[in-house]
Asks: 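Provided herewith is a single structure, encoded as structure tokens, for subsequent inquiry.
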Amino acid sequence: MSTLLEVEDLRVSFPTRTGVVEAVRGVSFTLGRERLGIVGESGSGKSQTGRAIMGLTPEHGQITAKKLEFSGIDLLKASKAQRRALRGNRIAMVLQDPKYSLNPVMTIGRQIVETLRAHEKVSGAEARKRALDMLAAVQIRDPERVFDLYPHEVSGGMGQRAMIAMMLVADPELLIADEPTSALDVTVQLEVLGILNRLVAERGMGLIFISHDLRLVSSFCDRVIVMYAGRIVEELPAGELAHAKHPYTQGLLNCMPRIGADRHPLPVLDRKPEWAL
Amino acid sequence: ATPADTLVQAWAIDDTITLDPAESFELSPAEFIGNTYNMLVRLDIDDTTKVKPGIAESWEISDDGLTYTFKLKPGIKFASGNPITAEDVAWSFERVVKLDKSPAFILTQFGLTGDNVAEKAKAVDDTTFVFTVDKPYAPSFVLNCLTATVGAVLDKKLVMEHAQATTPSDDYKYDTDFGYAWMKTNYAGSGPFKIRDWRANELVVLERNDNYYGEKPALARVIYRHVKESATQRLMLEAGDVDVARNLEPGDLEAVQKNTELASTSAPKGTVYYISLNQKNENLAKPEVREAFKYLVDYDAIGATLLKGIGEIHQTYQVKGVLGALESNPYTFDVAKAKELLEKAGLKDGFSVTFDVRNTQPVTGIAESFQQTAAQAGVKIEIIPGDGKQTLTKYRARNHDMYIGQWGMDYWDPNTNADAFTSNPDNSDDAAVKSLAWRNAWDIPELTKQVQAALLERDNDKRAELYQKLQQEALETSPFVMIFQQIEVAGVRGNVKGYRLGPSFDSNPLAPVSKE
Amino acid sequence: MTPALAIDTLRVTFEDFVALNDVSLTVAPGESFGLVGESGSGKSTLLRAVAGLAPIAGGTIEVNGQRLDTRRSKAFYRQVQMVFQDPYGSLHPRQTVDRLLLEPLAIHGFADTERRIVRALDEVGLGSGFRFRYSHQLSGGQRQRVAIARALILEPSILLLDEPTSALDASVQAEVLNLLEEVRAARKLTFVMVSHDLAVVTHMCDRLMVMQNGSEVELLTSADLAGRNVGQDYTRNLLIASEGFRRSA
Amino acid sequence: MSETAMTRREWLLTDRPQSRLQARLGRAYVTWRRFTANRLAVVGMLIIVALVLVAIFAPLLAPHSPYVGDLAGKRLLPPGDDHWLGTDDQGRDILSRLIYGSRLTLQVVVLVAIIAAPIGLLVGTVAGYAGGWVDAVLMRITDIFLAFPKLVLALAFVAALGPGIGNAIIAIAITSWPPYARIARAETLTVRNSDYISAVRLMGASPWRIVLRHIMPLCISSLIVRVTLDMAGIILTAAGLGFLGLGAQPPLPEWGAMIASGRRFILDQWWVAAMPGFAILIVSLGFNLLGDGLRDALDPRGSGQ
Amino acid sequence: MPARRANRRAWALFKSVAGFLVIVATTYLGLLAVTFFIGRVVPIDPVLAIVGDRAPAHVVERVRQEMGLNLPYYQQFILYAKGVLQGDFGTSVLTTNPVMTDIRRVFPATMELATVGTIIGAAFGIPLGVLAAVKRGSLADQIVRILGLIGYSVPIFWLGLLALLVFYARLGWTSGPGRIDVVYEYTFTPVTGFYLIDAVITRDWAAFRDIFSHIILPGSLLGYFSLAYISRMTRSFMLNELQQEYIVAARAKGLSETRIIWGHALRNAAVPLVTVIALSYAGLLEGSVLTETVFAWPGLGLYITNSLQNADMNAVLGGTIVIGSVFIAINLLSDVLYRMLDPRTRS
Ligand SMILES: Nc1ncnc2c1ncn2[C@@H]1O[C@H](COP(=O)(O)OP(=O)(O)OP(=O)(O)O)[C@@H](O)[C@H]1O
Ligand SMILES: Nc1ncnc2c1ncn2[C@@H]1O[C@H](COP(=O)(O)OP(=O)(O)OP(=O)(O)O)[C@@H](O)[C@H]1O
Ligand SMILES: [Mg+2]
Ligand SMILES: [Mg+2]
Ligand code: NI
């Protein structure tokens with residue numbers, strides 16, 4: 001498996017009035033054409049890791065890394081224009097909540113076409129056709145109709161599919177999905193995951209799947225990275241979740257109620273200061 | 001720049017609310033009417049104690065002083081082309097009396113009523129008009145009154161074509177409106193110019209009257225543009241977008257005078273400015289206080305600054321140039337004297353009083369100056385600023401303490417001001433005649449009688465003497481602190497020739513004006 | 001024994017939209033009752049209707065045997081309190097914890113406010129160190145504890161819980177759930193709890209109602225659910241979905 | 001934890017305040033720090049502080065009398081040694097008038113703010129919270145006031161009440177509350193269905209209690225910002241009324257009235273109108289900068305990031 | 001079922017139209033009552049405007065009766081309201097024209113000026129506001145802010161006169177006060193009352209140039225004031241939009257900054273901006289009295305003020321109703337535009 005992305009000692013920090021906040025503190029991993037899950041509790045730096053790769057870190061944030069390379073391109077040295085050309089074209093990102101991440105005053109079709117035309121010179125008709133195909137590919141039953149709808153006119157699940165279509169229409173090699181389903185109902189969540197799964201398999205993309213739901217990640221991904229306070233505390237193949245070594249990972253797994261298991265009270269996570277070191 | 005045959009004037013013309021001579025009583029329309037209509041007799045602007053022929057060629061006064069017979073110039077025409085006959089004159093008088101609008105009293109004071117006007121103002125033949133008055137008034141008074149715009153002769157035929165039928169009522173007993181509705185915005189006269197257009201608060205356009213019997217004006221057109229601000233007017237004058245600027249304030253006037261491309265002209269007008277003291281206020285009612293206040297105005301400073309070029313200090317109520325005007329300015333700014341008088345009045349420590357002031361210049365400036373100088377004698381003046389109509393409303397209701405006012409003559413005769421300032425037949429609140437003396441509750445039965453007497457004095461010199469006596473009395477005792485007489489000024493572009501201002505607004509002649 | 005809460009053919013409409021369609025249920029005193037269903041199925045609306053925050057178009061509600069008017073009495077609020085879903089939205093942004101807890105006491109004219117506030121904070125496991133903080137100085141879990149403290153300070157007998165943990169991390173969720181169980185046991189409270197997470201509901205509740213489109217789908221016990229003993233396909237789908245992603249699916 | 005080891009700053013910034021007072025001070029301190037981080041806002045505040053100081057110490061600062069001038073000798077003098085900013089058409093020292101005028105300016109803005117803002121706040125929050133016909137009626141009234149030409153309304157009120165600075169203030173206040181009501185209502189609408197208001201309702205609080213104690217405090221900060229930003233407009237409206245002769249009574253050195261009377265000399269003696277113009281400009285600028293800064297400091301959303 | 005739905009929709013439409021009519025009607029009634037009330041409380045004798053100061057007492061009395069001012073207030077109000085309901089706003093005392101005729105003349109002047117002002121204000125204000133938001137905290141931001149604040153803070157008549165002095169009197173770049181030179185007064189024929197449009201209609205290009213050079217100065221002046229407001233609001237709306245998630249999404253798509261700012265953020269900010277521009281337009285319509293004085297512009301602001309000062313209540317009412325209507329219309333229009341721009345509100 002060829003490596004698509006290499007990250008070594010990635011650090012993201014934000015200067016604030018009360019001092020520097022280190023959101024990501026030395027994260028390293030490599031990614032091939034596989035599904036990598038990143039889990040961790042809120043604020044552990046998952047999103048900032050993903051955004052740093054995309055080049056979407058807020059302006060005042062500072063990124064350093066020994067290495068940040070996407071299929072041979074050094075992302076840290078790349079110019080703004082180069083990075084922009086990569087975004088959406090070769091690296092794409094699906095955001096958490098379709099309600100906020102789709103432009104409310106543009107039709108879904110236009111937003112998809114826009115991605116395409118930002119990267120390829122295609123005629124209007126051609127772009128439309130490809131957008132419709134993409135909508136069909138994310139299993140939207142009536143693409144022609146949905147193409148002309150505004151984001152508020154579709155349900156959350158549908159919106160998330162549109163978002164995926166928008167991000168995949170230019171055929172990226174790497175997709176970063178930042179909690180793409182946590183705003184959705186459980187049943188819809190599974191459908192959307194199914195679609196992602198199929199697209200990754202069919203197109204041979206690399207996928208970084210960010211979520212706080214350990215069980216979901218382990219059932220969906222090939223490999224899982226567990227983050228805590230900006231660091232990776234454990235990395236393990238999805239299947240071996242049950243054998244996680246780090247007490248943090250174990251705690252996360254344990255503290256969730258399970259149907260049928262009668263545990264009163266639930267075990268709670270007892271954070272140790274040394275984990276954050 | 002302006003067209004060669006057109007004179008463009010910048011002037012605040014928002015007081016024009018009608019063009020009908022029977023109703024119009026304000027300043028700017030007086031100028032329009034004065035230039036577009038003709039009266040039987042006109043004021044001689046070179047000697048303002050005299051009148052000169054207008055439509056009438058000559059006139060005779062009967063020995064009993066009751067009958068005036070006017071002989072009209074023959075063969076003259078209205079702008080419409082209709083001939084001017086004595087019948088037009090008689091009808092114009094009838095119209096004024098029957099409509100009975102604001103200026104109508106200038107004619108009705110001679111005993112005219114709706115019932116007798118046909119008899120008293122009568123056309124004997126085409127060119128002979130006879131006017132009968134009820135008392136042997138001074139002839140100068142009668143003739144002066146006939147020069148007012150209300151005496152304008154209207155084109156009966158033209159007007160009656162536009163007259164509307166009305167249903168008679170208690171107030172108005174006639175079945176026609178005498179073209180009243182139409183005349184508000186239209187024209188039926190015979191002056192050197194005719195009124196072509198009036199857009200309220202925007203412009204007035206006069207055009208040469210080719211049927212004019214006298215010497216035809218050089219200008220084809222005169223346009224008045226409504227511009228309120230003095231500074232704006234000055235800029236337009238400097239840029240050549242207007243030929244004449246009419247509301248220049250002292251500073252702008254000075255600049256115009258310095259500019260070699262521009263000239264200025266001025267004329268004393270029949271308008272005086274005064275501070276009046278309401279006699280209902282017990283402090284102000286004291287004779288010593290009235291006198292003291294006359295010592296508290298810094299006449300010299302005001303005259304040299306605020307009024308520079310636009311007014312001259314004038315302490316009597318008759319304006320310069322009118323019959324019997326008293327040239328006397330005895331008062332000077334004298335705090336010590338004023339204090340002495342106040343002490344005599346028992347007001348050693350001064351007192352407080354309110355002062356209603358219109359928010360226009362120069363009155364605000366004068367009021368402020370007076371406020372400062374009066375304070376030196378311990379009189380605390382609280383200025384209540386207000387819009388013109390607002391302060392006036394209060395003044396007319398006698399609800400003020402002090403008021404700074406402006407009084408323009410109704411017609412060019414001493415009687416008008418004598419009647420206003422020194423006559424008050426009935427000082428009760430619901431009096432029928434509400435003169436300025438009444439407005440300030442100045443109860444003067446004796447002076448009132450003298451005013452009546454002067455009216456009937458047929459000897460001009462004696463008449464003048466009577467008026468001077470009245471003025472002298474007012475100068476000493478009246479609650480009017482007379483301040484200045486207005487001088488009207490105009491900034492004029494250098495290429496305008498023959499532009500001059502007369503003593504009254506209806507006598508600012510446009511006919512002699514030309515442009516190079 | 002009179003039920004703690006009895007709802008009969010309750011109907012709630014927003015303009016033309018029927019959000020609750022003739023729902024009936026009874027909850028015994030001391031029972032913990034769950035409501036599950038997909039988003040928009042009317043779970044929150046049901047709780048809000050009981051609390052007097054949603055317009056009731058039909059049906060009746062009885063609390064401890066007393067029928068409720070549309071206008072709730074002050075006494076009612078001493079029996080029924082509610083904890084909201086979003087801990088970030090349910091605390092007044094300009095008030096300290098102290099002020100938040102003082103308010104109900106002030107409204108109901110309690111005298112020993114000092115003691116009650118301290119006790120309430122203790123009870124939810126927040127020391128007095130949190131007493132003068134503003135809500136933005138608290139984490140999500142801490143906020144939810146404050147909200148619970150606020151609900152408990154009036155000593156109600158019924159607590160309505162609208163997804164009290166869905167905005168929280170799994171680890172924090174466990175803490176809050178444990179806390180809720182503790183206070184229920186200690187105060188003999190009746191719970192009505194909404195959640196979209198079947199695991200949470202079965203963990204906390206004895207019986208539950210599955211809802212869809214504002215109507216009841218079925219009533220189950222937690223044991224039924226654990227034993228996959230369900231009557232409706234809709235419930236079965238929910239069950240399957242709650243088990244995570246299956247690649248073959 | 002020992003108290004002594006804590007600096008005052010730490011004490012203020014602690015996330016574990018020990019008392020109501022400490023919590024409140026800490027919050028104020030944070031706001032203050034956020035505010036002072038904005039340099040322009042500090043400039044604005046300094047201007048306003050200077051204005052207040054000048055107003056307080058006017059008799060000490062003014063070199064001449066603001067009321068008594070020398071009409072004959074010192075009229076319309078250009079800025080020079082004795083009269084730094086020149087003299088006006090009554091021969092009065094413009095600088096002294098400006099200094100005394102700061103009192104009036106302050107009086108105008110403060111009074112308008114404490115009359116108009118509470119009216120707007122009350123109307124807006126009550127309408128927003130009550131909804132239904134109360135809302136409809138209150139908003140209709142607000143709309144009528146809004147649809148009415150403001151100057152006509154102000155003129156009418158001044159005319160009715162009589163001219164003078166006090167009445168001008170009332171007139172301005174009466175015409176300027178509707179926008180505040182709108183803002184307060186909009187804000188109320190966004191919070192009235194929020195969970196924390198529902199929570200208060202669930203406690204059995206009366207509507208009045210909710211509006212007065214829970215909703216109003218939320219609207220106040222955006223209102224303060226808006227009022228501060230409107231200060232310039234208020235000063236200018238007062239000036240406009242002065243321009244039309246309905247503002248301050250002569251010889252009060254109200255800045256707007258000073259401009260109005262000085263505008264006649266604008267072409268030749270520019271300083272007569274320009275100096276009060278600059279004064280208004282600077283103070284308005286001060287208020288605007290302050291308002292901008294307050295907005296950033298009081299609105300937690302716009303800050304930080 | 002579909003029939004019922006159609007029914008319901010018709011009912012909803014009816015309800016919204018009826019609601020709108022009720023709003024307009026009550027607003028009008030309120031305007032009417034307030035104007036009437038003002039007419040009574042203003043301590044100005046309306047008779048004065050007609051007869052002047054020097055009229056004899058009996059004429060004053062007669063005119064007072066003719067005007068119905070001796071009747072009790074409620075009767076006056078009924079008479080007044082009756083006339084208005086029949087579309088008769090009466091005649092203006094000051095101009096002697098029917099009030100509507102006057103307004104038809106003065107209103108286009110004001111509207112033309114306000115339109116030019118708003119166009120200038122929006123054309124410059126929006127880009128400046130966007131610039132300030134995008135470069136938040138930079139020098140450009142501060143400059144735009146100060147520029148805007150000065151616009152907020154400077155007295156308009158002062159700036160107006162200075163502008164006249166500089167651009168008209170000294171430099172001669174523009175024409176002076178008024179709408180058109182007298183030269184064109186009798187060759188140019190107004191059709192709509194909007195002179196610029198009229199000049200285009202009649203293809204009188206010389207007149208067009210003259211009209212344009214007259215309007216540009218007061219127009220720019222008003223434009224500056226609306227620029228101050230618009231740029232400031234644009235900045236704040238843009239800041240808000242730029243924080244939204246969909247901007248992140250747009251960046252993730254690889255769109256250029258230009259496109260993100262102008263195509264996405266501004267497109268969203270445009271929704272509330274419409275209201276802001278409408279408000280500023282309405283503000284210019286009613287608030288240009290001072291500009292009109294300085295530039296001798298025969299507009300509505302002056303007309304109303306002048307009428308008010310003479311207690312010419314017919315004219316004041318007419319003007320007020322017109323401004324009120326325009327206000328309502330602008331609100332409505334901005335509502336419609338809002339709906340057009342924001343798909344969320346059309347459903
Ligand atoms: N713009 C910023 N300025 C300062 N600190 C920031 C900024 N953005 C993020 N952080 C901090 O960085 C840390 C990591 O944030 P991040 O968004 O990556 O967390 P996350 O793991 O995605 O959490 P969640 O599950 O809540 O999305 C947090 O502590 C956050 O407070
Ligand atoms: N105030 C309201 N006005 C109009 N419709 C409402 C209102 N409140 C709720 N609804 C509608 O009622 C339905 C039920 O809403 P409710 O909040 O009870 O759902 P829920 O089951 O709690 O969903 P979720 O799991 O998303 O919280 C939804 O379709 C919602 O849109
Ligand atoms: Mg995240
Ligand atoms: Mg809910
Ligand atoms: Ni000196």
Side-chain angles (χ1 to χ4, degrees), chain A residues 47 50-51 53-60 80-108 110-120 148-153 162-163 166-170 172 175-178 183, chain E residues 126 130-141 234-235 237-277 334-347:
Chain A
S47 296
R51 289 188 181 208
I53 297 166
M54 283 300 287
L56 292 178
T57 308
E59 248 167 69
H60 61 290
K80 272 194 172 164
Q82 274 174 308
R83 296 209 71 169
R84 191 168 67 228
L86 283 178
R87 278 203 295 271
N89 192 14
R90 300 185 61 189
I91 317 178
M93 180 162 171
V94 177
L95 299 169
Q96 174 173 5
D97 196 337
K99 222 167 46 205
Y100 299 113
S101 46
L102 288 171
N103 187 337
V105 299
M106 257 190 208
T107 59
I108 285 171
R110 252 189 78 192
Q111 297 191 50
I112 300 176
V113 166
E114 200 183 25
T115 315
L116 198 57
R117 304 192 84 175
H119 300 290
E120 289 173 48
D148 288 321
L149 292 181
Y150 284 95
H152 73 278
E153 293 170 318
M163 180 84 192
M166 180 168 98
M167 287 307 175
L168 292 186
V169 70
L175 180 69
I176 301 172
D178 190 354
Chain E
I126 293 176
V130 170
L131 178 78
V134 171
K135 303 234 172 331
R136 187 184 185 184
S138 71
L139 186 68
D141 182 15
T234 308
R235 177 180 181 270
F237 293 147
M238 281 297 285
L239 281 180
N240 184 37
E241 293 303 327
L242 287 171
Q243 279 172 12
Q244 302 297 317
E245 273 298 286
Y246 71 84
I247 295 293
V248 177
R251 292 219 170 92
K253 280 160 50 170
L255 300 186
S256 66
E257 269 323 281
T258 329
R259 204 178 155 86
I260 289 172
I261 290 161
W262 299 98
H264 285 245
L266 185 60
R267 180 67 183 65
N268 276 277
V271 177
L273 257 186
V274 166
T275 315
V276 163
I277 293 174
S334 75
D335 246 33
V336 170
L337 271 176
Y338 196 106
R339 264 162 227 261
M340 272 167 55
L341 287 172
D342 189 347
R344 282 165 293 193
T345 52
R346 347 166 188 140
S347 41

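Proteins get letters first, then strands, A, B, ... in listed order; numbering begins at 1 in each. Computation of the quantities below employed the complete heavy-atom set of this structure, encompassing side-chain atoms and omitting hydrogens, waters and symmetry-equivalent molecules.
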Asks: Has A:His152 got a side-chain atom pairing as donor or acceptor with E:Pro343's backbone, closer than 3.5 angstrom?
Replies: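 Present.
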Asks: Output every pair passing salt bridge (Lys or Arg N to Asp or Glu O under 4.0 Å) with a member in residues 86-97 of chain A, not counting sequence neighbours, ordered by first then second residue.
Replies: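 Those involving residues 86-97 of chain A are A:Arg90-A:Glu173.
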Asks: Using heavy-atom distances under 4.5 Å, tell me whether A:Ile91 contacts chain E through its side chain, its backbone, both, or neither.
Replies: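 A:Ile91 touches chain E through backbone heavy atoms alone.
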Asks: Could you check whether E:Asp141 pairs with E:Arg235 (Lys NZ or Arg NE/NH1/NH2 to Asp/Glu carboxylate O, under 4.0 Å)?
Replies: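 Looking at E:Arg235 together with E:Asp141, the answer is yes, because their closest N to O distance falls below 4.0 Å.
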Asks: Between E:Glu241 and E:Tyr246, is any side-chain donor less than 3.5 angstrom from a side-chain acceptor?
Replies: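 Side-chain D/A pair, E:Glu241 to E:Tyr246: present.
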Asks: With a 4.5 angstrom heavy-atom cut-off, could you sort out which part of A:Leu95 is near chain E: side chain, backbone, both or neither?
Replies: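 Looking at A:Leu95, just its side chain touches chain E.
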Asks: Where on A:Gln111 is there a heavy atom nearer than 4.5 Å to chain E: the side chain, the backbone, both, or neither?
Replies: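 Both the backbone and the side chain of A:Gln111 come within 4.5 Å of chain E.
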Asks: Count the heavy-atom pairs under 4.5 Å between each of A:Met54, A:Lys80, A:His119, A:Arg83 and chain E, then report the option with the highest count.
Replies: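 With the most close heavy-atom pairs to chain E, the winner is A:His119.
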Asks: Which one wins on heavy-atom pair count under 4.5 Å against chain A: E:Ala252, E:Ala265, E:Ala270?
Replies: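 Max contact count across the listed options: E:Ala252.
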Asks: Would you list the pairs meeting salt bridge (Lys or Arg N to Asp or Glu O under 4.0 Å) in which at least one residue belongs to residues 242-261 of chain E, sequence neighbours left out?
Replies: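 Checked against salt bridge (Lys or Arg N to Asp or Glu O under 4.0 Å) - neighbours excluded - the pairs reaching residues 242-261 of chain E are A:Arg51-E:Glu245, A:Glu114-E:Lys253, A:Glu114-E:Arg259, E:Arg251-E:Glu257.
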